Amino acid sequence: MERRIVFLMLLPLIMFVTSSCNKTAVENKNSIDNLKAPDGFTFNTTHSVSVSLEMPASINFSKYRSRFNIYTAAPDDGGKLIYSGSFNTLGHFKGSVKIPTSLKSIYVSTIAGAKTIAIENSSFKEGGVVVNFGEGYGSLPPDSISTQKTIENNTTSNKTTYSQSFSNTNVIGNGDFETNDFGHINWWSSPHPVDNRWYITTHYAPGEWFDESGNHVIRTPYANGRYAGGFSQMINVNPNDIVTFSCDIKATTNAHGLRSWLFLIPKDAAGNAITYIEYEYTPPPTTWTTKQIVGTMPAGTVTCQVLMWAHDLLANQSVMFDNVVVTISGNDTDGDGVDDDNDDYPNDPDRAFNVYYPNETDWGTLAYEDLWPGKGDYDFNDLILDYHFKSILNAQNELVEFFIDYSVRAVGASLENGFGFMLGGDPSNVASVTGTNISENYINLNPNGTEQGQANTVIIVFDNAFNMINPSGSTFINTKPDVPYVDPDTNQLHVLYNNPLASNVTGSAPYNPFLILNKTRNQEVHLAGNPPTNLADQSLFGTWADDSNPVTGKYYQTVNNLPWALDLPVSFDYPVEQVEIINAYNHFVEWAESGGSVYTDWYEDNTGYRVDENIYTPPATK
């Protein structure tokens, strides 16, 4: 009886919505009514992956916080920046990064090197990404490693391959070995000056300057059958400097008897070694591979010995070295612990890093159906909103402020819908909100620009989508091919905090976005699984097609678990008017019915993924 009373009360609205949408029926080859998604699946195209990073103990983080970057792939392979941050005083970072579920790996870059990390399907549930950049570091001098040990223990290493990620000014001389100008010393511990020259040990036999197909390198003596030695250069440093040493290493064969190390050896004014920072790469790779170590110079350090060391126990093979880069941590003008070269705001102690979503260059899309709690037509174009977040963090990885560039690309209905989002945190901690478009007299704001009556921070971006895009001469804007196209405008919202907040308080972009239905403030449409704000009328839950149940945490889904909104980590190519999404994207059904385990990239423009004639295409791109 209660459902019938609610239905009768809302019947005028149904009639209004149906007539105001004024959609002409089209034939859909398949019906979304036949789709049933698994319970608990909320149609997410992204997930938050836990990331735990640990730096080498050779770095002292009591003063210097350093920086790491996370990319979608290695930058040289077209990877895009998605997150930046710093380590705590113990050299650790633990947090989460939101990435597309279709992304199978991320690239983590630090001063201790970089690595591509595979993202398993279950990694976000079972500890996520864990990387120890300090694994395998040692503190033994070259003398402690015997040639006999090499013969006995020369087995394949499972150590991680790291590559250089950050560099300031290279302080090493002749790092590419193109100049044939070398000194000679008997052993690694023999004194030699700071003069930008390499010194080759001669105790067993001298290493060689070698021309490898026009590229000059240095290598262990090729003909000798028993060799331990290396190549050394001294640099001037100061206590607390962080020195990063990388070079390319390659073995001529994968034969037994080859071992290689990188050493940083801080020395006092008398030339005595204070400590040893070393990493063994054994067996050396047979293709050129960049290896790297890093360490903080201890008290009393005046110079640092940069040493490439190798054991070569068989004749007619060599370990080769090339492209040595040694950098020293630079100035920290603002004193926030992040050196100027790695600080996005080197003169501002309150700001350090830019963090982007979906990534540094790409935009995401929110796509809505607006007949909730009634069933929509599932073309997901009643509102198409593109967005790009830039969040600014301080050196403690706390949120200081954020900017949202946004654009209403399409309005596929005549309802005058508003749009906002909710994020964690006390709204009184917001200093200001600028860039909103509020003019319809149904939104009540606090002086700082947040919405009144909310326990969490709620930002209303605009209160009428039609005010955010020029008219098309029709109630439909950019959803019907026979209606003139309208160029969308780009707008920017800015939110500034009084006191920075940790991400576990605010949540992550795009937070909890929602539609406000037809200027009726208490009627909201959220992404599946997201709760409403304090101002929503929760008596509408469980009415009409809605099957929300706050007790179980189910929100804004039908009995078949279909949603009224989608969030895509790309600028989404949406269906034309009244074409169900399953008739525009061939693998949407498989993705949904699998609970998101297959075709995680269903929205991409891959061969066989789309029905092109059912996807709206702006005239300029046809």
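All values derive from a computational prediction rather than experimental measurement. Note that these values count all heavy atoms, side chains included, but never hydrogens, waters or copies made by symmetry.
Distance alone, capped at 3.5 Å, is enough to place a donor-acceptor pair between the Arg67 side chain and the Asn342 backbone. Side chain of Asn397 to backbone of Ser86: a donor-acceptor contact under 3.5 angstrom is found. A side-chain donor-acceptor contact under 3.5 Å links Gln305 to the backbone of Trp188. A distance-only check finds a donor-acceptor pair linking the side chain of Asp332 to the backbone of Gly337 [under 3.5 Å]. Not one N or O on the side chain of Asp241 forms a donor-acceptor pair closer than 3.5 Å with the backbone of Val243. A donor-acceptor pair is defined here as one N or O able to donate and one able to accept, closer than 3.5 Å; such a pair exists between the side chain of Thr296 and the backbone of Asn60. Proximity of a side-chain donor or acceptor of Ser260 to a complementary backbone N or O of Tyr281 within less than 3.5 Å is detected. Side-chain atoms of Thr220 come within 3.5 Å of backbone N or O of Val319 as a donor-acceptor pair. His587 places no side-chain N or O within 3.5 Å of a backbone atom of Tyr603 that could act as its donor or acceptor partner. With hydrogens and angles ignored, the 3.5 Å screen pairs a side-chain donor or acceptor of Asn170 with a backbone N or O of Val326.
Seen from the ring of Tyr356, Lys390 does not count as a face-on cation partner, given the 6.0 Å and 45° thresholds.
Asn606 and Asp601 are linked by a side-chain donor-acceptor pair at a separation below 3.5 angstrom, with hydrogens and angles left out of the test. A donor atom on one side chain and an acceptor atom on the other are found under 3.5 Å apart for Tyr64 and Asp339. For the 3.5 Å distance criterion, the side chains of Thr290 and Asp248 qualify, holding a donor opposite an acceptor. In the model, Tyr345 has a side-chain atom that pairs as donor or acceptor with a side-chain atom of Asn354 under 3.5 Å.
Checked for salt-bridge contact, Arg219 and Glu208 meet the test: a charged N lies under 4.0 Å from a carboxylate O. Taking the charged nitrogens against the carboxylate oxygens, Asp573 and Arg610 do have a contact shorter than 4.0 Å, which makes a salt bridge. Salt-bridge check for Arg351 with Glu401: passed, with a basic side-chain N closer than 4.0 Å to an acidic carboxylate O.
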Notebook entry, point to check: Between Asp181 and Thr179, does a side chain to side chain donor-acceptor pair (under 3.5 Å) hold up when you go through it step by step?
Noted result: CA-CA 6 Å; Asp181 180 22; Thr179 301; over 6 Å; no
Next item on the list: Given side chain to side chain donor-acceptor pair (under 3.5 Å), test Asp567 with Tyr387 step by step and report yes or no.
Entry: CA-CA 10 Å; Asp567 175 35; Tyr387 64 83; 2.6 Å; yes
Margin query: Would Trp309 and Phe263 count as a ring-ring contact (aromatic ring centres under 6.0 Å, His included) here? Give the steps.
Written below: CA-CA 8 Å; Trp309 195 252; Phe263 277 88; 7.1 Å; no
Next item on the list: Might you work through the side chain to side chain donor-acceptor pair (under 3.5 Å) test for Ser109 and Asn69, ending with a clear yes or no?
Entry: CA-CA 5 Å; Ser109 173; Asn69 292 327; 5.2 Å; no
Check: Step by step, would you call Asn331 with Thr333 a side chain to side chain donor-acceptor pair (under 3.5 Å)?
Finding: CA-CA 6 Å; Asn331 295 327; Thr333 302; 5.7 Å; no
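Using a 4.5 Å heavy-atom cutoff, the side chains of Val294 and Phe133 are not in contact. Leu53 places a side-chain heavy atom less than 4.5 Å from the side chain of Val108. Counting heavy atoms from C-beta outward, Thr201 and Ile185 have side chains that approach closer than 4.5 Å. Thr303 places none of its side-chain heavy atoms less than 4.5 Å from the side chain of Ile235. Put simply, the side chain of Pro510 reaches to within 4.5 Å of the side chain of Tyr357, judged on heavy atoms.
Relative orientation of the Phe43 and Trp591 rings is perpendicular, given thresholds of 30° and 60° on the angle between their planes.
Between Thr600 and Ser102, the shortest heavy-atom contact is OG1-CA, 3.3 Å.
The distance from the CH2 atom of Trp187 to the CG atom of Asp143 is 6.0 Å, given to the nearest 0.5 Å.
Not a single salt bridge (charged side-chain N to carboxylate O under 4.0 Å, His left out) links Asp340 to another residue, sequence neighbours left out.
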